[in-house]
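Just so you know, these numbers use all the heavy atoms, side chains as well, and skip hydrogens, waters and symmetry mates.
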Amino acid sequence: MSTPIAFTNIEAELKELLASQRVPADLIITYDDMHGLWGGSTLTVRGDGSLERQVSRRGAAAPTGTKTHIGEHDLLELVRLLVELSAWEQRTPDGMPVPDESRAYLTISLKGSTSVVWERFNEMAKNDRLVRVRDWLESGFGEQVE
């Protein structure tokens, strides 16, 4: 199976970013496990260091939002984690979802390229990929992840 060009570009751009030690303003990394019935969270970090979290509890009318800021050094650590995990690679095979299945998505956008990968929410701990990105992003708010 060939690798889509956009994913190849994301890999190259992230590695170049690490080599240059400079985070471009157009970098956007989003983790999203929001489910219409069960709630969830959406965490977005941008190249300027802004980190936003939207959380919706089961049955809540609307999500609540929190914002904070992280430094360039921390952003570079996140990029290192993404490279370590090859976070642009879809590893979970597609298949028929089970009833009420929830998925977690990771979107990376940089210099006009975008990659989107997903995992089944109930398999995240076993896969130990997207859960590590989520936990890293949550740590930017100074809280322990459940």
Side-chain angles (χ1 to χ4, degrees), residues 3-58 60 62-95 97-98 100-146:
T3 303
I5 292 172
F7 293 178
T8 304
N9 289 346
I10 290 290
E11 177 182 11
E13 294 295 345
L14 291 176
K15 288 178 177 178
E16 175 58 32
L17 189 156
L18 287 176
S20 72
Q21 295 290 291
R22 300 243 183 245
V23 180
D26 69 342
L27 173 67
I28 303 172
I29 301 162
T30 301
Y31 166 87
D32 184 356
D33 65 23
M34 196 68 71
H35 186 277
L37 295 174
W38 310 118
S41 60
T42 302
L43 299 134
T44 302
V45 65
R46 299 179 188 286
D48 65 0
S50 63
L51 177 56
E52 300 175 38
R53 173 175 57 183
Q54 296 285 320
V55 177
S56 180
R57 303 286 177 220
R58 183 176 178 183
T64 58
T66 312
K67 294 181 182 182
T68 191
H69 191 272
I70 59 175
E72 188 171 48
H73 174 77
D74 290 329
L75 281 170
L76 290 168
E77 286 302 313
L78 175 58
V79 171
R80 275 187 196 77
L81 176 62
L82 296 175
V83 170
E84 174 189 329
L85 298 173
S86 298
W88 53 87
E89 292 178 358
Q90 176 64 43
R91 294 188 180 163
T92 301
D94 205 2
V98 297
D100 292 326
E101 176 182 80
S102 183
R103 292 182 177 184
Y105 295 86
L106 179 66
T107 304
I108 306 169
S109 298
L110 180 61
K111 294 187 180 179
S113 296
T114 300
S115 74
V116 179
V117 298
W118 62 271
E119 290 181 352
R120 290 174 181 85
F121 187 82
N122 292 338
E123 296 175 358
M124 285 178 48
K126 176 185 76 171
N127 294 341
D128 200 32
R129 281 182 80 217
L130 297 192
V131 72
R132 289 175 62 191
V133 176
R134 180 201 63 196
D135 290 352
W136 192 101
L137 290 167
E138 282 285 352
S139 73
F141 290 94
E143 301 171 4
Q144 292 294 324
V145 177
E146 298 174 3

Q: State the CZ-CH2 distance between R91 and W118, to the nearest 0.5 angstrom.
A: 14.0 Å
Q. Mind checking whether L130 and F121 have side chains closer than 4.5 Å, heavy atoms only?
A. no
Q | Distance-only side-chain donor-acceptor flag, S50 / D48, under 3.5 Å | A | yes
Q. Is W136 close to D74 at the side-chain level, that is, under 4.5 Å between some pair of heavy atoms?
A. yes
Q. Which heavy atom in A87 sits nearest to a heavy atom in V117, and how many Å separate them?
A. O-CG2, 3.4 Å
Q) Do NZ/NE/NH1/NH2 and the carboxylate oxygens of E11 and K15 come within less than 4.0 Å? A) yes
Q. Within a strict 4.5 Å, meaning less than it, do heavy atoms of the H73 and E77 side chains meet?
A. yes
Q: Would you mind reporting whether N122 and S102 have side-chain heavy atoms less than 4.5 Å apart?
A: no
Q | Minimum heavy-atom distance between G95 and R120, given as atom pair plus value | A | N-NH2, 3.8 Å
(Q) If you define the side chain from C-beta out and look only at heavy atoms, does anything of T107 sit under 4.5 Å from I28? (A) no
Q | More than 12 heavy atoms from other groups under 6.0 Å of CZ on R22 | A | no
Q.
Just so I know, are the side chains of R134 and L43 near enough to count as touching, which here means a heavy-atom distance under 4.5 Å?
A. yes
Q: Please examine the side chains of T44 and L137, heavy atoms only from C-beta on, and report whether any two atoms are closer than 4.5 Å.
A: no
Q.
I'd like to know whether V79 forms a side-chain contact (heavy atoms from CB on, under 4.5 Å) with L27, so could you lay out the CA-CA distance, the side-chain angles of the two residues, the decisive distance to 0.1 Å, and finally the verdict.
A. CA-CA 10 Å; V79 171; L27 173 67; 4.2 Å; yes
Q: Looking only at non-hydrogen atoms, find the nearest pair between G47 and L75 and report the distance.
A: O-CD1, 3.5 Å
Q) Rounded to the nearest 0.5 Å, what separation is found between the OH atom of Y105 and the CG atom of D33? A) 11.0 Å
Q. Looking only at heavy atoms, what is the nearest atom pair of S86 and R129, with distance?
A. O-NH2, 2.7 Å
Q | side chain to side chain contact (heavy atoms under 4.5 Å, CB included) partner of I29, chosen from V45, L14, L51 | A | V45
Q. Can you check side-chain contact (heavy atoms from CB on, under 4.5 Å) on Q21 and E72, steps first, answer last?
A. CA-CA 9 Å; Q21 295 290 291; E72 188 171 48; over 6 Å; no
Q | NZ/NE/NH1/NH2 to OD/OE distance under 4.0 Å, E138 and R53 | A | yes
**Q.** Rounded distance (nearest 0.5 Å) linking atom CE of M124 with atom CZ of R132
**A.** 12.0 Å
Q.
Restricting to non-hydrogen atoms, name the atom on S113 and the atom on N9 that form the minimum distance, rounded to 0.1 Å.
A. OG-CB, 3.2 Å
Q: To the nearest 0.5 angstrom, please state how far the CD1 atom of I108 sits from the CG atom of L82.
A: 4.5 Å
Q) Do L17 and L110 have side chains that get closer than 4.5 Å, going by heavy atoms? A) yes
Q | Nearest-0.5 Å distance, OG1 of residue T64 to CD of residue Q54 | A | 7.0 Å
Q) Roughly how far apart are S109 OG and E13 CD, rounded to 0.5 Å? A) 12.0 Å
Q: Kindly give the heavy-atom pair with the smallest separation between D26 and G112, and that separation in Å.
A: OD2-N, 4.5 Å
